[in-house]
Amino acid sequence: MLQLQAIREQKEEIIIALKKRNIDAAPLLNSVISFDEKRREAQTKLDNTLAESNKLSKEIGQLFKSGKAQEATALKERTVVLKEEVKVLQEELNTAADELQSLLYQIPNVPHASVPAGSTEDDNEEIFKEGDIPKLIDNALPHWELAKKYDIIDFELGVKIAGAGFPVYKGKGARLQRALISYFLDKNTAAGYTEIQVPHLVNEVSGYGTGQLPDKEGQMYHITADDLYLIPTAEVPVTNIFRDTIVNEKDFPICYTGYTPCFRREAGSYGAHVRGLNRLHQFDKVEIVRVEHPNNSFAALDGMVEHIKTILRELKLPYRILRLCGGDLGFTAALTFDFEVFSTAQDRWLEISSVSNFETYQANRLKLRFKDENGKSQFAHTLNGSSLALPRVLAGILENYQTEDGIKIPEVLIPYCGFDTID
RNA sequence: GGAGAAAUGGCAGAGUGGUCGAAUGCGGCAGUCUUGAAAACUGUUGAGGGUCACACCUCCGGGGGUUCGAAUCCCUCUUUCUCCGCCA
């Protein structure tokens, strides 16, 4: 959520910056400013009325104490009138405040200066590429065929138990998946992230805190009986640890990593591109989350990008990094780098990580602050990234490592798997 | 799931209708003393809105109500604890 003060002071700059997202924010921002004025006006009137009422109440108390009941009763008449006024003003204030809040929820984060203009993923800017694309064997198969051939993932079984998009991993497939999770967590821990296990269901407030609500309401599974949401990413529970907190400046950087399953409804996604592991309703992901000092958050973002590079280098997967354009940038992010692995048998890039700096956007919703050197509290910056999303990494490994004699396991994973070939 | 008790500042813990944003202790910060530290002593120490700065307003788990006036009374929700039931 953008800060009101920023909207008041830099409205024009924000409008220009939001054009990168291909939206004209002027009407929204003008409404925000007008409702903010209404709110403050109502607040001032209410405060003055309350002040008078408080004062009179004290006097009445004094009068009763000194036995001047008659005078007290006379004063009461005035307070009864004030009480009515308070009611009206309170309502006025609430209306303006609610309207203001819902407007603020509708405004996405302001893109960072480095975010390129553009409307679709085709306009994302490739900033880095590394790793050789392997020459595959003649009859190379896409991962869903490999999964069947070696009996390591059963999509039909998942359909039977839950529905499409809920695969069942078997034998070495399950083992490889578990190996990846352990490997990622170990890498993150070695890089200074504290491992953490969090709930896989979150309440509505948490959804608002990180920005999934109200923007992505339809993308989350909603347990209506208990009004809980299945997490679409560990970002939600992990970042919400810091909701309503004031952290100590010297605690920075705060770094957490956690493995969770992720649940996404993916309403409206169909077609060839969602085959196999490409897009699922349930998948596993290891996430890294940071809370940073505003002065350091972009350096931290670069650090996260470097960290993920080292993982992909070790896995020897060909990948590229994209700087997302304004049109493809998530609602809450100021700057996002996507990592994509080349899926050789499908001849396409698969997104396996998304690393973002949210600046104060989430912190504002979360009320996540820190005390600066002057003792003033100000909003911290939050960041997160996938390290990594499992299914597409798995798809990349299966496809890129396939040989005539089976699928070779990347060297770093062999100690975690306990085998070196799927055959 | 049933019965009871509770929820107050960073922590502990007073406060049952008015002068309570809240005693006291601990912790934190600043100072005195000290070569330095400890101890002792003194002062200070929640958040948000609002203002040039004051004033002023809001917040004692959340929401609603009674009252001129609520941390204190009533309703409701949530959470925690104790007992019973169920259970990985």
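Just so you know, these numbers come straight off a predicted model, no measurement behind them. Proteins come first, then strands; the chains are lettered A, B, ... in the order of their sequence lines, and each starts at number 1.
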Would you tabulate the pairs of protein nitrogen or oxygen atoms and nucleotide nitrogen or oxygen atoms of nucleotides 48-53 of chain B closer than 3.5 angstrom?
residue: B:rG48; atom: OP1; partner: A:Arg369; partner atom: NH1; Å: 3.0
residue: B:rG48; atom: OP1; partner: A:Ser377; partner atom: OG; Å: 2.8
residue: B:rG49; atom: N2; partner: A:Asp47; partner atom: OD2; Å: 3.3

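B:rC60 is unpaired under the Watson-Crick or G-U wobble criterion, no partner having all donor-acceptor distances under 3.5 Å. Of the nucleotides present, none pairs with B:rG21 by Watson-Crick or G-U wobble criteria with both distances under 3.5 Å. Base pairing annotation: B:rC86 forms no Watson-Crick or G-U wobble pair, as no partner gives both donor-acceptor distances under 3.5 Å. Both distances falling under 3.5 Å, in either a Watson-Crick or a G-U wobble arrangement, place B:rC26 opposite B:rG10. In a base pair of the Watson-Crick type (N1 to N3 plus N6-O4 or O6-N4) or a G-U wobble (N1-O2 and O6-N3), with each distance short of 3.5 Å, B:rA5 is matched with B:rU80. B:rC52: no Watson-Crick or G-U partner with both key distances under 3.5 Å is found in any strand. Using N1 to N3 plus N6-O4 or O6-N4 for Watson-Crick, or N1-O2 and O6-N3 for G-U wobble, each under 3.5 Å, B:rA40 pairs with B:rU32.
The residue A:Ser57 sits close to a base: some heavy atom pair falls under 4.0 Å. Within the nucleic acid shown, A:Leu50 comes within 4.0 Å of sugar-phosphate atoms alone, with no base atom in reach, counting heavy atoms only.
Rounded to an integer number of Å, the gap from CG of A:Asn48 to C1' of B:rC56 is 7 Å. In this entry the distance linking CZ of A:Phe64 with C1' of B:rU67 reads 11 Å, nearest Å. If you take NZ of A:Lys45 and P of B:rU58, they are 18 Å apart, rounded to a whole angstrom. Rounded to an integer number of Å, the gap from NZ of A:Lys58 to P of B:rG18 is 13 Å. Note: CD1 (A:Ile60) to C1' (B:rG18) measures 10 Å, nearest angstrom. Atoms CG (A:Asp226) and C1' (B:rC77) sit 15 Å apart, rounded to a whole Å. As rounded to whole Å, 14 Å separates atom P of B:rG69 from atom CD of A:Glu52. Taking atom CG on A:Asp227 and atom P on B:rU78, their separation rounds to 12 Å, with Å as the unit.
Taking each heavy atom of A:Ala234 and A:Gly258 in turn, the nearest pair found is CB-O, 4.5 Å.
Under the rule for a salt bridge (Lys or Arg N to Asp or Glu O under 4.0 Å), A:Arg365 has no partner lying at least two apart in sequence or in another chain.
By the 6.0 Å and 45° rule, A:Lys216 does not stack over the aromatic ring of A:Phe331.
Between A:Tyr183 and A:Tyr416, the ring-plane angle classifies as perpendicular under the 30° and 60° cut-offs. Classification of the A:His222-A:Tyr229 ring pair by plane angle, with boundaries at 30° and 60°, yields parallel. A perpendicular orientation is assigned to the rings of A:Phe370 and A:Phe252, their planes being inclined by more than 60° (bins at 30° and 60°).
Taking atom C1' in both B:rU8 and B:rA47, the straight-line distance is 15 Å, to the nearest Å. Going from the P atom of B:rC74 to that of B:rA23 covers 25 Å, rounded to whole Å. Atom P of B:rU66 sits at a distance of 15 Å from the matching atom of B:rU72, rounded to the whole Å.
Using a 4.0 Å cut-off on heavy atoms, none of the residues of residues 86-106 of chain A approach RNA chain B.
Judged by distance alone, the side chains of A:Gln219 and A:Gln212 never bring a donor and an acceptor atom under 3.5 Å apart. Between the side chains of A:Thr189 and A:Asp186, no donor-acceptor pair of N or O atoms lies under 3.5 Å.
Listed for the A:Arg264 side chain is a donor-acceptor partner under 3.5 Å among the backbone atoms of A:Pro232.
A sub-4.0 Å separation between OP1 or OP2 of B:rC57 and a side-chain N or O of A:Asn54 is present.
Note on A:Lys187 versus A:Glu314: salt bridge recorded, some NZ/NE/NH1/NH2 to OD/OE distance being below 4.0 Å. Checked for salt-bridge contact, A:Lys148 and A:Glu145 miss the test: no charged N lies under 4.0 Å from a carboxylate O.
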